[in-house]
Novice: 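For reference, the structure I am asking about is given below.
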4 protein chains.
Amino acid sequence: MSMDQETLTSKAEARTQAQRVRILAAARACFVKSGFHAASMATIAETAGMSPGLIYRYFENKNAIILAIIERQLEVARDRIGQMHASENLASGIARSFGERERCAENSMSGALFLEMSAEATRDPQIAAALRRFGATVHSEVASWLSRDRKDGGYGLPDDVAKARALIFVCLIEGLKVREAREPTLDKALLEKALSEAVAALVSPPK
Amino acid sequence: MSMDQETLTSKAEARTQAQRVRILAAARACFVKSGFHAASMATIAETAGMSPGLIYRYFENKNAIILAIIERQLEVARDRIGQMHASENLASGIARSFGERERCAENSMSGALFLEMSAEATRDPQIAAALRRFGATVHSEVASWLSRDRKDGGYGLPDDVAKARALIFVCLIEGLKVREAREPTLDKALLEKALSEAVAALVSPPK
Amino acid sequence: MSMDQETLTSKAEARTQAQRVRILAAARACFVKSGFHAASMATIAETAGMSPGLIYRYFENKNAIILAIIERQLEVARDRIGQMHASENLASGIARSFGERERCAENSMSGALFLEMSAEATRDPQIAAALRRFGATVHSEVASWLSRDRKDGGYGLPDDVAKARALIFVCLIEGLKVREAREPTLDKALLEKALSEAVAALVSPPK
Amino acid sequence: MSMDQETLTSKAEARTQAQRVRILAAARACFVKSGFHAASMATIAETAGMSPGLIYRYFENKNAIILAIIERQLEVARDRIGQMHASENLASGIARSFGERERCAENSMSGALFLEMSAEATRDPQIAAALRRFGATVHSEVASWLSRDRKDGGYGLPDDVAKARALIFVCLIEGLKVREAREPTLDKALLEKALSEAVAALVSPPK
DNA sequence: CATGAATGAGGATTCATTCAT
DNA sequence: GATGAATGAATCCTCATTCAT
């Protein structure tokens with residue numbers, strides 16, 4: 001009744017993957033609450049419902065966890081920005097997502113986490129590289145979306161204009177993230193008004 | 001050859017002030033390099049060329065140093081933003097200040113420090129309050145500048161538009177700060193081009 | 001060969017208890033030798049044969065250790081005083097216990113520790129409260145013993161006289177404790193003679 | 001107009017003495033409030049209205065101050081006990097002095113200080129010796145007072161009885177001191193009642 | 001696999017003592 | 001004499017990491 005080797009292996013791998021996910025979820029929660037440094041391995045372990053020692057079977061050390069979280073958060077963020085293109089009303093979409101309470105799962109990029117990551121990037125070259133990769137991807141994606149033909153859902157801007165506006169767009173979004181972390185109570189109506197005008201300007205044809 | 005009491009007192013005060021400045025400069029350097037938490041008092045003391053114990057004669061504890069640095073950085077930032085209004089060409093001014101090398105002195109707002117501060121603000125209410133105060137001041141300053149009459153060096157925008165645009169402006173600047181910390185090598189020409197268009201849009205009369 | 005859950009739990013609890021005892025014994029020894037403040041956690045850890053960090057798994061901080069020791073010493077003292085009632089010859093019992101060498105174990109109330117505790121009580125309200133509780137218990141116990149009927153092993157004194165004499169009795173005992181700490185070489189014969197007369201007077205019917 | 005050498009010297013000595021007194025008074029106050037260890041030299045200096053450095057011109061180190069204070073306190077206590085003999089009503093005199101608030105000056109032996117001293121004596125042989133000397137003096141003084149002829153203000157007890165009762169007396173007083181430190185709110189009426197009976201018994205002719 | 005007890009290197013902070021002025 | 005800035009060792013405590021079970 002024993003399973004063949006391959007099945008066993010894949011079962012084991014699945015479990016390994018599940019454990020890693022469990023740890024990362026716990027770590028994310030702790031990091032959001034206390035920051036990378038203040039969150040202790042003991043707390044993360046407790047949050048994950050396992051022993052501190054076990055974590056080291058799945059991650060070499062705390063830094064590896066931080067890195068893995070960052071990697072995953074960047075994927076999530078990338079996806080989210082991808083979805084924006086499709087959304088009917090970009091400005092209100094962004095505005096609405098502002099200050100969304102962490103829904104516990106990892107499908108939302110926490111402003112606090114984003115700050116923590118960025119701050120850490122100024123010291124850790126690996127993190128810096130990851131963020132740079134992320135930034136480049138997002139920027140070119142937004143740029144391509146602005147330059148794409150109108151009939152393909154784009155805005156038909158010349159390439160150079162698209163690139164410049166994409167930069168503004170990306171900085172604006174990141175600035176909002178920072179603000180969100182700091183001032184989650186910001187007036188949403190004002191924000192939406194401001195954003196809709198800004199977005200309109202960003203996608204309008206150049207003079 | 002003895003000095004009168006007043007002279008002595010002011011000498012002592014001058015020394016005290018000088019020491020505080022020395023400590024803050026060292027702390028700033030350490031914080032930029034390692035972050036608020038990873039920078040140890042021992043390292044700060046060494047950087048300042050003094051013993052760890054001496055620091056506590058001038059600051060109650062590490063947190064007080066962090067707070068003092070933040071307060072000072074926000075002043076600097078406030079001043080800088082104030083100067084922007086006066087500058088001939090806003091966009092290129094901002095672009096030029098981007099990525100300026102930390103001149104070690106405290107007259108430039110380090111992007112890294114800004115991130116560190118913002119991240120810390122999500123945990124420390126005192127820091128959060130300081131940042132909020134700062135944010136409010138800057139926002140209203142920018143708004144008043146946008147709404148002021150053209151003949152007074154403003155842009156004559158209606159109050160509500162000015163408020164909304166000021167928000168965008170401030171977020172954009174902060175987003176740039178974040179980017180600066182992460183990617184100081186960003187293409188300056190592109191940045192200037194992007195900013196000049198964005199700034200032009202922000203100060204243009206509403207439709 | 002694996003143990004069931006219950007066995008495991010009780011084993012763990014037993015170990016925890018054993019470690020606490022080990023720490024308390026070491027701490028007691030250190031406190032007797034150097035006092036609460038001068039005894040360092042490092043020394044206690046070394047005495048207990050463990051690392052400093054480990055102590056904090058079993059006690060929240062140094063103060064908790066001090067408190068635990070005090071609590072335990074007071075229990076011991078309470079028991080001892082309880083036993084006195086039963087003893088054939090009270091005076092010689094007290095005299096004999098005077099200056100007993102610390103048997104390292106916790107079954108003897110060290111005079112030094114008693115002093116340390118009392119001195120600390122003038123500053124730490126928690127310790128003061130514990131000592132006050134202790135004092136009240138002992139006082140009322142002695143009083144009830146003096147007032148109880150002769151046929152129940154008491155001395156049949158009126159309540160108010162019993163209360164007053166109990167106070168004297170308790171102060172006398174405590175005074176002896178102090179003397180013991182300071183002058184363990186006191187002439188035992190003299191002490192016994194003095195005590196037997198004093199005890200006789202304390203239990204004699206009032207005029 | 002200059003004073004001769006001798007006058008100068010004695011003037012200097014007087015000043016030295018005055019400074020020492022000032023320091024000791026300050027130290028006493030600090031020790032009563034915080035204990036020997038917790039009272040810092042800085043606080044003592046501040047209380048004495050001088051700089052920390054200056055203290056070291058008059059005392060070799062903190063320990064020397066402690067020792068000097070103890071020496072002085074013991075003198076005071078010796079005097080006080082001497083005065084007791086003369087007092088009309090011994091019991092009420094003791095009772096009344098119980099819990100007297102430190103009158104700031106050094107003419108009252110603080111219970112807290114007494115405890116601190118006794119605790120310290122278990123470690124520091126010099127302090128132990130001082131206390132032992134003190135104890136012996138007081139004991140023999142009390143004994144001689146009990147054995148002295150009635151017409152000389154004594155109680156005419158035989159020498160050996162006087163010695164034994166003096167021991168009880170001294171322990172009782174010390175026990176009261178301890179209690180005072182711990183429980184300054186003790187019922188005075190009860191105390192006086194208890195003491196008057198006890199004192200009466202101690203001075204009564206032996207059976 | 002899993003546990004969690006154990007380690008020990010730091011970290012912030014205090015304070016007796018010294019010494020240049 | 002007097003100051004008080006400066007030192008640096010020592011203290012309590014935390015936490016990433018290891019390893020026997």
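Residue numbers begin at 1 in each chain, while the letters A, B, ... track the order of the sequences.
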Novice: Please report the closest heavy-atom contact between D:Leu67 and D:Gln126, naming both atoms and the distance.
Specialist: CD2-NE2, 3.2 Å
Novice: Is there a side-chain contact between B:Leu115 and A:Glu120, using heavy atoms and a 4.5 Å cut-off?
Specialist: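 No; the side chains remain at least 4.5 Å from each other.
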Novice: Of all the base pairs, Watson-Crick or G-U under 3.5 Å, which form stems of three or more consecutive pairs involving DNA chain F?
Specialist: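 Paired runs of 3+ in DNA chain F: E:2-21 with F:2-21.
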Novice: Mind listing the closest non-hydrogen atom pair of A:Ile65 and A:Phe31 along with its distance?
Specialist: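 Here A:Ile65 and A:Phe31 meet closest at CG2-CE1, 4.2 Å.
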Novice: Which ones in residues 120-128 of chain C lie close to DNA chain E, meaning a heavy atom under 4.0 Å from one of its atoms?
Specialist: none
Novice: Testing the basics here: between C:Thr47 and C:Cys30, what is the closest heavy-atom pair and its distance to 0.1 Å?
Specialist: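 For C:Thr47 and C:Cys30, the tightest heavy-atom pair comes out as OG1-SG, 3.3 Å.
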Novice: Does A:Phe36 or B:Thr16 map to a spot on DNA chain F nearer the 5' end, using the closest nucleotide for each?
Specialist: B:Thr16
Novice: Any base atoms under 4.0 Å from A:Tyr58, or only sugar-phosphate, or nothing? Heavy atoms, all strands.
Specialist: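 Counting heavy atoms under 4.0 Å across all strands, the contact made by A:Tyr58 is with sugar-phosphate only.
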Novice: Show, in sequence, the C-alpha distance, side-chain angles and deciding distance for D:Met41 and D:Asn61, and conclude whether the side-chain contact (heavy atoms from CB on, under 4.5 Å) test is met.
Specialist: CA-CA 9 Å; D:Met41 292 297 275; D:Asn61 51 31; over 6 Å; no
Novice: In whole angstroms, how far is the C1' atom of F:dT17 from the CG atom of A:Asn61?
Specialist: 9 Å
Novice: Within this structure, what is the CD1-to-C1' distance between A:Ile65 and F:dC15, rounded to whole angstrom?
Specialist: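 So the two atoms are 14 Å apart, to the nearest Å.
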Novice: For DNA chain F, whose closest nucleotide is more 5', that of B:Gln19 or that of C:His37?
Specialist: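 Nearest nucleotide further toward 5': that of B:Gln19.
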Novice: For a 4.5 angstrom cut-off between non-hydrogen side-chain atoms, does B:Gln73 reach B:Ile69?
Specialist: yes
Novice: Does the side chain of B:Arg15 get closer than 4.0 angstrom to OP1 or OP2 of E:dT21 through an N or O atom?
Specialist: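 Answer no for this pair, as no side-chain N or O of B:Arg15 is under 4.0 Å from OP1 or OP2.
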Novice: In whole Å, I'd like the distance from the CG atom of C:Leu54 to the P atom of F:dC19.
Specialist: 17 Å
Novice: Taking all non-hydrogen atoms of both residues, which atom of B:Gln19 and which atom of B:Leu54 are closest, and how far apart?
Specialist: NE2-CD2, 3.9 Å
Novice: Which whole-number value in Å describes the distance from D:Tyr56 OH to F:dT3 P?
Specialist: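 From D:Tyr56 OH to F:dT3 P: 15 Å.
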Novice: Specify the separation, in whole Å, of atom CZ of D:Arg57 and atom C1' of E:dT21.
Specialist: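 Going from CZ in D:Arg57 over to C1' in E:dT21 covers 14 Å.
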Novice: So, do D:Leu113 and D:Phe36 sit near enough that their side-chain heavy atoms are less than 4.5 Å apart?
Specialist: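 Contact flag for D:Leu113/D:Phe36 side chains = yes.
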Novice: Pull out every residue in residues 39-51 of chain C that has a heavy atom closer than 4.0 Å to any atom of DNA chain E, ordered by number, or say none.
Specialist: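 Result for residues 39-51 of chain C: C:Met50, C:Ser51, sorted by number.
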Novice: Atom NZ of D:Lys62 and atom P of F:dA10: how far apart are they, to the nearest Å?
Specialist: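 Value for this atom pair: 16 Å.
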Novice: What is the distance, rounded to the nearest whole Å, between atom CD of B:Glu60 and atom C1' of E:dA12?
Specialist: 13 Å
Novice: More 5' along DNA chain E: D:Asn63 or B:Asn63, using each one's nearest nucleotide?
Specialist: B:Asn63
Novice: Ring-plane angle category for A:His37 and B:His37, please: parallel below 30°, perpendicular beyond 60°, tilted otherwise.
Specialist: parallel
Novice: Just do the side-chain contact (heavy atoms from CB on, under 4.5 Å) check on D:Thr122 and C:Lys33 with the steps written out, would you?
Specialist: CA-CA 8 Å; D:Thr122 64; C:Lys33 202 204 289 177; over 6 Å; no
Novice: Provide, to the nearest angstrom, the distance between the CZ atom belonging to B:Phe59 and the C1' atom belonging to F:dA6.
Specialist: 17 Å
Novice: For the residue pair B:Arg123 and A:Gly35, what are the closest heavy atoms and their distance?
Specialist: NH2-CA, 3.3 Å
Novice: Where do C:Ala45 and C:Ser51 come nearest, in terms of heavy atoms and distance?
Specialist: CB-C, 3.8 Å
